[in-house]
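Working notes, structure below.
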Amino acid sequence: MSKPVPIHATMDQFAVEKNDLLVGGKTLNHIEDMLDKSVFYAYDKNIVKQQIDLFHQAIPQEIKLHYAIKANPYPPLVNAMRDWVEGFDVASQKEMLLAVQSGMPVNDISFAGPSKQIAEIRAAITAGVTLHVESELELQRAIDIGQQIGILPIVAFRVNPAFELKASGMKMGGGPKQFGIDEERLLEILPNLDYQTFSFRGFHIYWGSQNLKEEAIIDAHNKTFDLAKRLIDVVPVKTLTVNIGGGFGIPYFAGEKRLDLAPIGENLQRLLSDYPILAELELIIELGRFLVAEAGIYASRITDKKQSRGHTYLMTNGGLHHHLSNSGNFGQVIRKNYPVAIGNKMGIEKDATAVTAVGPLCTPLDTLADKMLLTDPQIGDWLVVFQSGAYGPTASPQDFLGHPHVVEILL
Ligand SMILES: Cc1ncc(COP(=O)(O)O)c(C=O)c1O
């Protein structure tokens, strides 16, 4: 058996009372009673608000904050965030309807995605949201549909930049990509488009996600401003908006630290004075997990405990079918543990043992925590996975093996 992995310590965002973890002021037992369920996701709206405040404290106020709903589309959360952010980015018709019905002005909703279907394009044009157009054919389709229904489509071009985000969990720009139109091709076609056939809004320059390196984000911002200026220079009509990407990460694994937004904000301030042509436009940063991931936990009950050749296994009523990303199967190359703790024994150091917590699925992939030091875990205790507010239920194969779906609550 290899060495146990220590508990990772980015769990200080939640209050603890008499060793009980509190989410929005409630213990896990309280939440169980409220939901009548012993496995759930719970999100603390104050922590979401704190993350948004952190953003605004560090990032120049000229730059607007949009929430990428894909990170967590739980309707009560989206509705709460409607008053805290300046726009929503959506990636499907369902997300678009959620965004529109939250009351967010349609002018502040954008629709991105590399394979938009005709019905989605029509829905977006009819609703009046901005289409982040990702191919030349998609532009033509938007124009044709706009003519059929008599509404001018609002279009921003998603750009696949020539540069790529360094040191990132997920790169979505640079080299050949399915996202957006290559910058060199866009520079070629922009001067000759028929700007009477659509309402031109601007550019969406998105290069990646889950980045914890301030220097890499600063480098991407420098390159984004330079690219945006070159694009604006060749468009014969006025550019109104540039979405300068997102990518702010959160610490999931041992050794990772929270991103320091201060140098990123200082650099953006400098860029605003170096590029006056951009400073006078609407500039947007689009974030998902940075705003919501740390605000969420996934809690399940330990229902059995057994030894296998000297190692302790905890069985729980939660698993991969609810939380694929924690199982390591949502884009990770090597599985690492998210921060995990016993939610009713917080702050107790004694009797910590190295254990592996698993779910009910008959696959070794269904691992919630592998060889982690947990405090005196017993049947009936709460197993809590932190950093679970993004890419949870909707990014998990909930029907796999037919176990019950998970419930959520915003507190
Ligand atoms: C276009 C776009 N915007 C926003 C996001 C959200 O990323 P994150 O949750 O890491 O902020 C993604 C992630 O896939 C994306 O593709």
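As the structure lists them, so they are numbered: ligands from 1, and atoms in each ligand from 1.
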Task: Steps toward salt bridge (charged side-chain N to carboxylate O under 4.0 Å, His left out) verdict (K116, E138) - done: CA-CA 8 Å; K116 292 185 207 73; E138 192 182 313; 2.6 Å; yes
Task: Nearest non-hydrogen protein atom, atom 7 (O) of ligand 1 - done: Y206 OH, 3.2 Å
Task: Sub-4.5 Å side-chain heavy-atom contact between H321 and Q398 - done: no
Task: Protein heavy-atom partner closest to atom 10 (O) of ligand 1 - residue, atom, separation in Å - done: R289 NE, 2.7 Å
Task: Within the 6.0 Å centroid threshold, strictly below: F203 and Y206 - done: no
Open item on the list: Using a 4.0 Å cut-off to any heavy atom of A68, which atoms of ligand 1 qualify?
Closed with: 4 (C), 6 (C)
Task: Polar atom proximity, H204 to ligand 1 (N or O, under 3.5 Å) - done: no
TODO: Would you check if the side chain of N344 reaches a backbone N or O of D381 as a donor-acceptor pair within less than 3.5 Å?
DONE: no
Open item on the list: Ring centres under 6.0 Å, that's the criterion: do Y74 and Y43 meet it?
Closed with: yes
Task: N or O pair under 3.5 Å between D89 and ligand 1 - done: no
- [ ] Look at ligand 1 and say whether Y391 reaches it with a heavy atom at a distance under 4.0 Å.
- [x] yes
Open item on the list: To check your reading of the model: name the closest protein heavy atom to atom 14 (O) of ligand 1, its residue, and the distance in Å.
Closed with: M172 CE, 3.3 Å
Open item on the list: Please determine whether a side-chain nitrogen of the Lys or Arg among K213 and D260 lies less than 4.0 Å from a carboxylate oxygen of the Asp or Glu.
Closed with: no
- [ ] Please state whether the rings of Y195 and F198 are parallel, tilted or perpendicular, taking 30° and 60° as the class boundaries.
- [x] tilted
Task: Top protein contact for atom 3 (N) of ligand 1, by heavy-atom distance - done: E286 OE2, 2.4 Å
Task: R158, portion touching ligand 1 at heavy-atom distance under 4.0 Å - done: side chain
Task: Residue and atom name of the nearest protein heavy atom (relative to atom 15 (C) of ligand 1), distance in Å to one decimal - done: K70 NZ, 3.2 Å
Task: Under 3.5 Å: N/O of G288 near N/O of ligand 1 - done: yes
- [ ] Specify side chain, backbone, both or neither for F290, according to which of its non-hydrogen atoms lie closer than 4.0 Å to ligand 1.
- [x] neither
Open item on the list: Can you classify the ring geometry of Y313 versus H311 as parallel (below 30°), tilted (30 to 60°) or perpendicular (above 60°)?
Closed with: perpendicular
